[in-house]
2 protein chains.
Amino acid sequence: MTVTLADVAARAQVSPATVSRVLNGNYPVAASTRERVLRAVDELDYVLNGPASALAAATSDLVGILVNDIADPFFGIMASAIQSEIGGPGGRAGGERLAVVCNTGGSPERELTYVTLLQRQRAAAVVLTGGAIENAAHTAAMSAKLRKLEEAGTRVVLCGRPPAPDTGAVALTFDNRGGGRELTEHLIGLGHRRLGYIAGPEERTTTRHRLEGHRAALDAHGIKEDPRWTVWGRYDRQSGYEATLELLRRDPSLTAVVAANDSVALGACAALRDSGLRIPEDVSVAGFDDLPFSVDAMPSLTTVRLPLAEAGARAGRIAMGREEPPPGGIATVRGELMVRGSSGVPRD
Amino acid sequence: MTVTLADVAARAQVSPATVSRVLNGNYPVAASTRERVLRAVDELDYVLNGPASALAAATSDLVGILVNDIADPFFGIMASAIQSEIGGPGGRAGGERLAVVCNTGGSPERELTYVTLLQRQRAAAVVLTGGAIENAAHTAAMSAKLRKLEEAGTRVVLCGRPPAPDTGAVALTFDNRGGGRELTEHLIGLGHRRLGYIAGPEERTTTRHRLEGHRAALDAHGIKEDPRWTVWGRYDRQSGYEATLELLRRDPSLTAVVAANDSVALGACAALRDSGLRIPEDVSVAGFDDLPFSVDAMPSLTTVRLPLAEAGARAGRIAMGREEPPPGGIATVRGELMVRGSSGVPRD
DNA sequence: CATCAGATAGAAAGCGCTTGCTGTATTGAA
DNA sequence: TTCAATACAGCAAGCGCTTTCTATCTGATG
């Protein structure tokens with residue numbers, strides 16, 4: 001059998017209650033007793049039974065972090081920052097929490113199931129990262145779940161996701177619309193008038209907002225968008241490659257390609273090169289997010305930097321109750337335009 | 001109060017035992033009764049209490065995945081693959097498990113603490129990814145922990161990590177030494193004789209093995225290594241940038257730079273370009289891992305592809321007991337040399 | 001018609017920990 | 001010296017679920 005609290009108690013010649021109090025440090029215990037208990041714990045190699053403890057105390061030290069794609073640094077960076085603030089091991093005293101990163105793969109069902117699983121574990125907090133899925137049924141179901149979580153005392157924080165109405169969830173939202181607009185205005189400013197756009201998956205807030213920003217910029221400058229200029233894809237490199245080929249097929253006269261994110265932009269660059277086009281002389285390319293590798297692309301990518309790590313850290317602190325939520329529970333996090341080598345004045 | 005099993009039982013007019021059995025589906029229950037119970041569950045919006053269930057059943061549905069750096073796609077890709085096989089939501093029936101990704105940041109203490117935390121949660125399985133820390137005390141402590149875990153019925157799998165002697169842990173080990181050797185032999189074959197090497201952090205098996213492979217290749221071709229040709233760093237881009245500058249300072253006549261991984265190689269490329277050197281005309285560069293962005297670098301990176309996703313998936317299946325461990329509990333996973341644009345014949 | 005196997009359902013004993021309440025020294029003040 | 005206050009320590013009642021064992025009812029069997 002594994003060692004239990006009672007075994008430790010017996011060995012230290014105290015009651016289980018005392019051992020529990022020594023371990024939790026939430027009740028006065030004489031130094032000599034504590035000493036004896038700690039020695040017994042050590043000698044027996046005792047490890048607390050988490051489920052039992054959680055059951056009795058009606059709280060757990062689990063914190064859930066939901067991400068759409070854990071293999072994507074966009075989420076990895078946020079998750080890492082959140083986790084570093086959650087405390088985990090190495091965190092500040094008293095807060096040895098287990099940060100659980102859950103990979104939804106962008107699927108609504110999985111998102112919902114993971115939230116239920118966390119609810120089942122009585123998680124202390126849940127952080128949802130990245131864009132939300134835009135689907136009435138799913139949104140309603142999620143809202144209901146989040147409300148339940150809050151009722152049960154679980155703190156809910158959205159990081160890089162729009163606010164969830166009718167819930168008490170704190171939201172740190174990225175200004176995707178503003179960033180998208182700024183980016184496209186930069187290209188327009190360079191003289192571009194025929195811009196292709198590679199959007200992300202449909203039914204995603206991130207996708208929609210970035211595209212809206214792009215269109216707002218076109219509008220503001222009186223550029224009428226050709227429906228052929230928008231292609232939909234996924235948030236990955238291959239999708240960018242294929243979409244770019246498609247754009248080129250539809251309208252070879254495009255002088256710029258705006259991608260939904262950096263990975264897509266990289267795929268776009270590859271497709272352009274493979275088509276014999278130079279960047280930015282023949283076609284300019286722009287991404288979004290400014291992931292670490294974007295500066296290494298050749299030419300380096302013009303993009304919008306999102307303070308992923310900062311936002312994640314803040315979300316983590318709020319989830320831990322170590323930082324005040326923003327007024328109204330909502331904060332907008334702005335991106336910063338990074339002009340680099342992949343954008344230039346259009347040809348001719 | 002939250003809804004409990006008893007509430008559901010009362011509503012369905014059955015005993016708590018029956019509700020439990022319906023929910024677990026491990027005992028015959030009349031169809032009509034099941035129906036009634038399920039309806040009650042639904043109506044009351046009942047969510048199982050995980051800790052209580054884990055306590056009573058003495059098992060939990062948590063599976064731990066330890067990674068060194070969650071923001072690094074190297075780990076993200078493995079974690080994603082492992083998780084997809086763990087079942088998680090969407091997995092095969094009966095196995096709704098919560099995959100927990102824990103970020104150690106490469107710190108021995110955090111690694112140990114996370115393992116203890118997982119032990120505390122009575123995790124069903126633990127997968128340790130990436131290179132191990134080479135430090136006698138830490139290795140011993142880890143071995144002891146892993147043995148305890150196994151004793152407690154937790155399956156332990158190492159993915160991309162050397163076997164842990166004296167434990168029953170299954171190991172899927174990357175052939176870093178072989179890959180490193182093959183890579184350097186490729187460069188030597190092109191005619192390079194003065195090769196710089198940017199190693200990863202010391203006291204890491206991955207770092208050591210890759211370097212050993214490199215040196216073995218030099219040895220095999222009678223190239224005497226100059227101590228100035230090796231620089232130590234971290235596994236990130238910036239480290240590669242700085243190390244390359246240092247290498248160039250030490251010996252400007254180098255014709256090739258071999259990096260510990262792709263991120264480092266990208267940093268090296270940037271440093272070379274900033275130093276006015278062309279790749280590969282002036283200096284060839286090689287990486288390791290073949291992460292998705294490596295093919296997009298300009299020129300695309302010559303590197304060693306590691307089947308991260310495949311290995312992760314296999315590790316996940318073994319952890320779930322859905323695949324037989326390899327004979328002897330140890331399997332070596334080989335890399336594949338990817339020759340691309342960043343390596344060429346040396347100048348002059 | 002008595003008997004028995006098979007199929008269901010319930011009673012109840014925990015799983016290992018936390019914590020409110022109670023008890024007993026010990027200390028300081030009067 | 002006496003009494004309240006203080007500081008520790010223990011008792012015991014759960015926390016919400018699982019599971020063994022037992023009870024009941026059914027239909028089949030001889």
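Computed from heavy atoms alone, side chains included, the values below leave out hydrogens, waters and symmetry copies. Model, not experiment: these values are computed from the prediction. The sequence lines fix the lettering, A, B, ..., with proteins before strands; numbering per chain opens at 1.
- Positionally, the nearest nucleotide of DNA chain C for B/Ala17 lies more toward the 5' end than for the other of B/Ala17 and A/Ser20.
- Distance, A/Leu55 CG to D/dA13 P: 17 Å, rounded to whole Å.
- When the side-chain nitrogen and oxygen atoms of A/Thr33 are compared with OP1 and OP2 of D/dA9, one or more of them lie within a distance under 4.0 Å.
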Q) Would B/Met320 and B/Ile86 satisfy side-chain contact (heavy atoms from CB on, under 4.5 Å), going step by step from the backbone distance to the final call? A) CA-CA 6 Å; B/Met320 296 297 288; B/Ile86 291 304; 4.0 Å; yes
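- Atom CZ in A/Arg120 sits about 14 Å away from atom C1' in D/dT18, given to the nearest Å.
- B/Arg122 places its CZ atom 9 Å from the C1' atom of C/dG16, with the value rounded to the nearest Å.
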Under 3.5 Å, side-chain donor or acceptor atoms of residues 144-154 of chain B against the rest of the protein: list the pairs with distances, not counting sequence neighbours.
residue, atom, partner, partner atom, Å
B/Lys145, NZ, B/Thr116, OG1, 3.4
B/Lys145, NZ, B/Gln119, OE1, 3.1
B/Arg147, NE, B/Asp166, O, 2.9
B/Glu150, OE1, B/Gly168, N, 2.9
B/Glu150, OE2, B/Gly168, N, 3.2
B/Glu150, OE2, B/Ala169, N, 3.0
B/Thr154, OG1, B/Ala123, O, 2.7

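- Listed for the B/Ser80 side chain is no donor-acceptor partner under 3.5 Å among the backbone atoms of A/Ile70.
- With a 4.5 Å cut-off on side-chain heavy atoms, A/Val3 and A/Val47 do not count as touching.
- Regarding contacts with the backbone of D/dA9, every side-chain N or O of A/Ser15 stays at 4.0 angstrom or more from both OP1 and OP2.
- Atom CG in A/Leu5 sits roughly 13 Å away from atom C1' in C/dC15 (whole-Å rounding).
- Between B/Ala52 and B/Gln13, the residue anchored closer to the 5' end of DNA chain C is B/Gln13, taking for each the nucleotide with the nearest heavy atom.
- Considering only side-chain N and O atoms, B/Thr18 lies nowhere under 4.0 angstrom from the phosphate OP1 or OP2 of C/dA9.
- In this structure, the CZ atom of B/Arg21 is 12 Å from the P atom of C/dT8, given to the nearest Å.
- Judged purely by atom type and a 3.5 angstrom limit, A/Thr104 has no side-chain atom pairing as donor or acceptor with the backbone of A/Arg110.
- In this structure, B/Asp7 atom CG and D/dC15 atom P are separated by 12 Å, rounded to whole Å.
- Side-chain atoms of B/Tyr27 stay outside donor-acceptor range of the base of C/dA7, with no qualifying N/O pair under 3.5 Å.
- Using a 4.0 Å heavy-atom criterion, one finds that B/Val14 contacts the sugar-phosphate atoms exclusively.
- Look at CG on B/Asp61: it is 13 Å from C1' on D/dC17, rounded to the nearest Å.
- If you take CD of B/Gln121 and P of C/dG16, they are 15 Å apart, rounded to a whole angstrom.
- Within 4.0 Å of A/Ala30, counting heavy atoms only, lie sugar-phosphate atoms of the nucleic acid but no base atom.
- Remark: B/Asn24 is in phosphate contact with D/dT18, judged by side-chain N or O atoms under 4.0 Å from OP1 or OP2.
- Under 4.0 angstrom from either OP1 or OP2 of D/dT18 there lies no side-chain N or O belonging to B/Asn26.
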